[in-house]
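What follows is a short report on a single structure.
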Amino acid sequence: MGTTSFLTRARGLLRIRNQLVRECLAELLATIVLMIITLGSAAQKITSFEVKGNLLTSYLGGALAVMAGIYTAGGISGAHMNPAFSFAMCLIEQFPWWKFPIFVVVQTLGSFISAGAVYILYYDAIWHYSNGTLTVSGPRETASIFATYPADYVSISNGFLDQVIGTGVLMVGVMGILDARNKAVPKGLEPVVVALLVLSIESSMGANCGCPLNPARDLGPRLFTYVAGWGPEVFRWV
């Protein structure tokens, strides 16, 4: 009885009543879940000789990460996890413009924190694989664990077009899934269908630039690699 009373009082004291703070914390948590799984999948693909080169491992991890993130906070913040999605929601007047910069900062911060967590988790593997040198290019590069880099043959204009088309397909697909007037998705399974959409885009458009589809997913970890030892080369077109 005493334990129950203590837990009730603790919940009352820790309860966050400000709706914006609740939404920001939920968005932060959803983004962290998304990014830890996404970057962890990339870390396994790159540093593990057993699964190296297996793109399906990374693509599947990224798609399931989206599903996990939506289930984590979809009912509180909407689990945008992506400035492009927040922007699209503002355009159709489903999200207030004044919240947009706040969510972008939260999403980028969540991605930065996740990059740090994955770096700690795979610290030994990264340093063993890279032979003690953190590089952006070369046969033992590890920067692509955290951010996406274009293939050698991709120009800046082609890379830009690649992301415009990929992100556009993602936005159109998600809007169609969420549209109640469209062919309905069984309630509660929307995150699963969105994950399948992401998997299909990654499987068909991932070769050029790694298919980030998300500015926060790329910028947050890229900033982390800049301060963690990879240096300013992470911002160059390589």
Side-chain angles (χ1 to χ4, degrees), residues 31 34-69 81-85 87-88 107 111 114-115 118 122 125-126 129-130 134-177 192-226 230 233-238:
T31 305
L34 164 74
M35 292 304 300
I36 284 181
I37 298 174
T38 299
L39 300 183
S41 299
Q44 284 198 142
K45 180 178 75 73
I46 290 173
T47 63
S48 174
F49 292 100
E50 286 74 19
V51 297
K52 183 172 176 59
N54 186 356
L55 289 176
L56 181 60
T57 300
S58 182
Y59 291 162
L60 187 58
L64 294 176
V66 172
M67 180 184 69
M81 304 178 291
N82 185 340
F85 181 71
F87 183 74
Q107 292 156 359
S111 296
S114 300
V118 170
Y122 282 95
I126 289 171
Y129 176 78
S130 65
L134 302 179
T135 60
V136 177
S137 58
R140 292 299 181 95
E141 64 82 20
T142 48
S144 62
I145 291 173
F146 302 95
T148 54
Y149 293 87
D152 294 337
Y153 54 81
V154 177
S155 64
I156 294 178
S157 58
N158 191 192
F160 177 78
L161 183 62
D162 174 90
Q163 287 308 292
V164 169
I165 293 175
T167 305
V169 171
L170 175 64
M171 293 301 106
V172 170
V174 171
M175 294 301 176
I177 292 167
V192 178
V193 180
V194 172
L196 291 173
L197 171 64
V198 171
L199 180 60
S200 68
I201 295 172
E202 289 181 332
S203 299
S204 59
M205 303 183 197
N208 282 341
C209 300
C211 214
L213 307 175
N214 183 340
R217 176 260 178 273
D218 192 81
L219 179 59
R222 196 179 297 272
L223 288 171
F224 173 80
T225 53
Y226 173 71
W230 279 264
E233 192 179 356
V234 299
F235 292 106
R236 297 174 188 166
W237 187 269
V238 294

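Keep in mind that what you see is a predicted model, and the values were worked out from it rather than measured. For reference, positions follow the sequence shown, starting with 1.
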Heavy-atom side-chain contact between [X] and [Y] under 4.5 Å:
| X | Y | value |
| --- | --- | --- |
| Met35 | Val118 | no |
| Gln107 | Pro215 | no |
| Leu134 | Thr225 | no |

Report task. Quick one: do Val136 and Arg236 satisfy side-chain contact (heavy atoms from CB on, under 4.5 Å)? Show the steps, please. Result -> CA-CA 9 Å; Val136 177; Arg236 297 174 188 166; over 6 Å; no
Nearest heavy-atom neighbours spanning [X] and [Y]:
| X | Y | value |
| --- | --- | --- |
| Ile46 | Ser144 | CD1-OG, 3.1 Å |
| Ser130 | Thr142 | CB-CG2, 4.0 Å |
| Ala115 | Leu39 | CA-CD1, 3.7 Å |
| Ser204 | Ser200 | OG-O, 2.8 Å |
| Thr31 | Ser114 | O-OG, 4.0 Å |
| Thr47 | Ala125 | OG1-CB, 3.9 Å |

Query raised in the report: Relative to Tyr149, does Arg222 satisfy both conditions: NZ or CZ under 6.0 angstrom from the six-membered ring centre, and within 45 degrees of the ring's axis?
Result: yes
To the nearest 0.5 Å, what is the distance between [atom1] on [X] and [atom2] on [Y]?
| X | Y | atom1 | atom2 | value |
| --- | --- | --- | --- | --- |
| Gln163 | Thr148 | CD | OG1 | 6.5 Å |
| Asp218 | Asn214 | CG | CG | 8.5 Å |
| Leu161 | Ile156 | CG | CD1 | 13.5 Å |
| Glu202 | Leu213 | CD | CG | 6.5 Å |
| Leu196 | Ile201 | CG | CD1 | 11.5 Å |
| Ile165 | Phe160 | CD1 | CZ | 10.5 Å |

Requested in this report: Mind telling me whether Trp230 and Phe146 have parallel, tilted or perpendicular rings, with 30° and 60° as the class edges?
Outcome: perpendicular
Query raised in the report: Side chain of Asn208, backbone of Val154: donor and acceptor closer than 3.5 Å?
Result: no
Report task. Answer yes or no: is there a donor N or O on one side and an acceptor on the other, between the side chain of Ser111 and the main chain of Ala216, under 3.5 Å? Result -> yes
Query raised in the report: side-chain contact (heavy atoms from CB on, under 4.5 Å) with Met67: which of Val192, Val198, Val193?
Result: Val192
Query - Stepwise side-chain contact (heavy atoms from CB on, under 4.5 Å) check, Asn82 with Leu170 - result: CA-CA 11 Å; Asn82 185 340; Leu170 175 64; 4.1 Å; yes
Requested in this report: Go through Val66 and Leu197 one step at a time and tell me if the side-chain contact (heavy atoms from CB on, under 4.5 Å) criterion holds.
Outcome: CA-CA 10 Å; Val66 172; Leu197 171 64; over 6 Å; no
